[in-house]
There are 2 protein chains.
Amino acid sequence: MPRLASTISTTATEPSRLPDRIYEEILEQIVSGKFSVGDRLPSENQIGTEYKVSRAVVREALSRLAADGVVVSRQGAGTFVHRIPGREFLRLAPIGGIADLMRCFEFRIALEGEAAYLAAQRRTDENLAAIEDAFKRLEEANIAGEVGVELDISYHVAIARASRNNLFMQTLDALAVHTFNGMNITRNLSLTSNRKRLVLVQEEHRRILEAIRVGDEDLARREMRTHIDNARHRALGASVEPE
Amino acid sequence: MPRLASTISTTATEPSRLPDRIYEEILEQIVSGKFSVGDRLPSENQIGTEYKVSRAVVREALSRLAADGVVVSRQGAGTFVHRIPGREFLRLAPIGGIADLMRCFEFRIALEGEAAYLAAQRRTDENLAAIEDAFKRLEEANIAGEVGVELDISYHVAIARASRNNLFMQTLDALAVHTFNGMNITRNLSLTSNRKRLVLVQEEHRRILEAIRVGDEDLARREMRTHIDNARHRALGASVEPE
DNA sequence: TGTTTTAACCTGTCGAACAAGTCAAGATCT
DNA sequence: AGATCTTGACTTGTTCGACAGGTTAAAACA
C-alpha cells in the first residue's frame, strides 16, 4: 500500500484553505499513478498525522473527492480509489481499410476544428509558443526533406492542448494511431511526388497558427477544417476510390 | 434575509450521508430562488441548529458548495451566494464540479453538431425510425412526468449512429459512461417541477429530428449545437463572471 | 475444519475550545 | 459635525476528544 507524500506542496498557486490543499495533494497522488482503482487510501488519522492537520480537514478533502467520484468511503472499511480523473476515457477500435481512414478524417474535421476555435479563444503565451515551436520544427523537416509525421502530430497536439479542454486532448490521443496513418500517407506522397505540396501544407499550418495567434476563433476553426479536409483529399487522391 | 427550510427532505431518494443531504438542501434553496447572488446564507451554527446536525456536517456541505463555485466563504463575514446554477445542474450532479461539466458540454457541441450534420446527409430509413422511436419515448416520458436520463441518451445515440461513422458513436458512448459513472441520479425528481422546460427541450429535439428527416445538413448541425448550448445554459444558469 | 466471537480499527457524527477575521456601534479626535 | 479609531459580538477555520455504527481478521469454540 503506497503512502501519501508527507509534505504539503509549497508551490505559489496552492489554495489557502487546508482542506483544499489536502484535496489537491491526494488528488495529485491518485492522478500521478501512486494508487490504482480499488486501492485503499491511508486512514483519515494517518493522513492527518502525515500532513499535520486535523481529521476534520482530512474529512472535508475526502468528502470532496467522494463527491467528485474519485474515491468511495465505506464506514469501518476505509476509503478506496474509485475513478482516476484525466485517465483516458476513450479507447478506439483499430481501423480497417480506406473507408475507416476516411471516417477518421471526417471525425478529425469536427474535433480539431473545434479545438482550434477554443485554442484561438483561450491560448496562453505558453500554448502559442508551443504551437510556434512545433511549426518551426515542421519547417525544418520540410527543408531537410524528412517525412516528419511525428512533428505534424505534435503541431496538432499543441493546438488541442491550447483548447484547454482535456477531452479534446484525450480524444486526439485515442486517435493517435489513426492520425498517424493518415498523416503518413499524405506526407510521404507529398515528399516523393511533389515538393510544392509540402509548401502548400505548411502554408495551411501557418494560416491556422496566425488565426490562433490573433484570436480569430471562427477563422481558426475554418482553417483547421479546411486543412484536414484538404488532407483527406490528398490521401484520397493517392488511393483507390473507396466503396 | 431568507432562512433555510427547517426540515430535511424525506424523499425516498435522499443520500444517506448528512453532509450530502445538507449540500442538496442548500443547493435546492439557492437554485429555487430563495437567495440571490450576493445574499448571505445563515451562519454555520444557525444551519446546524435548523437541521439538527453538527457544525462539522454543515462545513462539509458548504465546502462542497464552495468547490462548485456556488458560494464563497469569508472568514469572519459569512458565506455568500456567488453563482446560481440552473435546475439542470441538480440533475447532472457534475463530477468534478462546474468546470468539468462545462468541458463536457463544449466537447459535445463539437461532436454532436457534426454527427447531426452527417446524420442528415446519410441516414437510412432505419436510422430515422430509430431516432423517431427515441423521440416518441421521450415524449411519453414527458407526458407521464418522468424524466429519463437514459432515454435522453438513447435519442442522442440514435443520431450519432445515423452519422454512420463509428468514431462518433464510440466517442459519445465513452463520454456518456465517463460522465454518468458515479453520477448521482437521485435528483431526477427535481425536474418534474418545471413542465415548461421539458416542453422546450422536446421542441428542440423535434427540430433536430425534422432537419435530419428532410436532409438539411447545416440546419441539423445548427439545431444540435443550439440544443446542447441551451442545455449548457440551463445547467449553469446566470452567474457572476468568473475571475 | 467450519462457525462464531471478539478485538482492533475504520468512517460518520457530535460538541467544545481556540485562532483569525469581519463589521457595526460607540468613543474619541479634529 | 464629520472623520477616525476602538471594541465587542459574531463569523469562519482549525484542532481535539468522544462516541456510534460498521468492517475485518484473528482467536476461540464446536
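This is a predicted model, so every value here is computed, not measured. Throughout, protein chains are lettered first and strands after them, A, B, ... in sequence-line order, and every chain is numbered starting at 1.
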Query raised in the report: Is A:Arg213 paired with A:Glu210 through a side-chain N to carboxylate O contact shorter than 4.0 Å?
Result: yes
Report task. Would you kindly compare A:Phe80 and A:Val57 by the position of their nearest DNA chain D nucleotide and give the one closer to the 5′ end? Result -> A:Val57
Requested in this report: Return the nearest nucleotide to the side chain of A:Arg55; candidates are C:dT11, D:dT15, C:dC14.
Outcome: C:dT11
Requested in this report: For A:Arg17 and D:dT15, give me the distance from atom CZ to atom C1', rounded to whole Å.
Outcome: 14 Å
**Report entry** B:Asp173 side-chain N/O to B:Gln170 backbone N/O, donor-acceptor pair under 3.5 Å
**Finding:** no
Query - Distance, rounded to the nearest Å, where B:Gln75 contributes CD and C:dG21 contributes P - result: 6 Å
**Report entry** Distance, rounded to the nearest Å, where B:Asn45 contributes CG and C:dG15 contributes P
**Finding:** 11 Å
Query raised in the report: Looking across every strand, which nucleic acid part, if any, lies under 4.0 Å from A:Ala77 by heavy atom: base, sugar-phosphate, or nothing?
Result: sugar-phosphate
Report task. Mind checking A:Arg74 for me? I need base, sugar-phosphate or nothing, with any heavy atom below 4.0 Å counting as a touch. Result -> sugar-phosphate
Query raised in the report: Roughly how many Å is it from CG in A:Asp20 to C1' in D:dT14, rounded to a whole number?
Result: 13 Å
Query raised in the report: Can you tell me how far C1' of C:dG15 sits from CZ of B:Arg59, to the nearest Å?
Result: 14 Å
Query raised in the report: In whole angstroms, how far is the C1' atom of C:dG12 from the OH atom of B:Tyr23?
Result: 20 Å
Query raised in the report: Are A:Arg17 and A:Glu60 close enough for a salt bridge, meaning some N to O gap below 4.0 Å?
Result: yes
Query raised in the report: Nearest-Å distance, CZ (B:Arg40) to C1' (D:dT12)?
Result: 10 Å
Requested in this report: Let me know the distance between CD1 of A:Ile22 and C1' of D:dT15, rounded to the nearest Å.
Outcome: 14 Å
Query - Whether A:Phe168 and B:Phe107 hold their rings parallel, tilted or perpendicular, with breakpoints at 30° and 60° - result: perpendicular
Query raised in the report: When you check the phosphate oxygens OP1 and OP2 of C:dT13, does a side-chain N or O of B:Ser54 lie under 4.0 Å from one of them?
Result: no
Query raised in the report: Are A:Glu114 and B:Arg225 within salt-bridge range, i.e. N to O under 4.0 Å?
Result: yes
Requested in this report: Could you tell me whether the phosphate oxygens of D:dT11, OP1 or OP2, come under 4.0 Å of any side-chain nitrogen or oxygen in B:Thr79?
Outcome: no
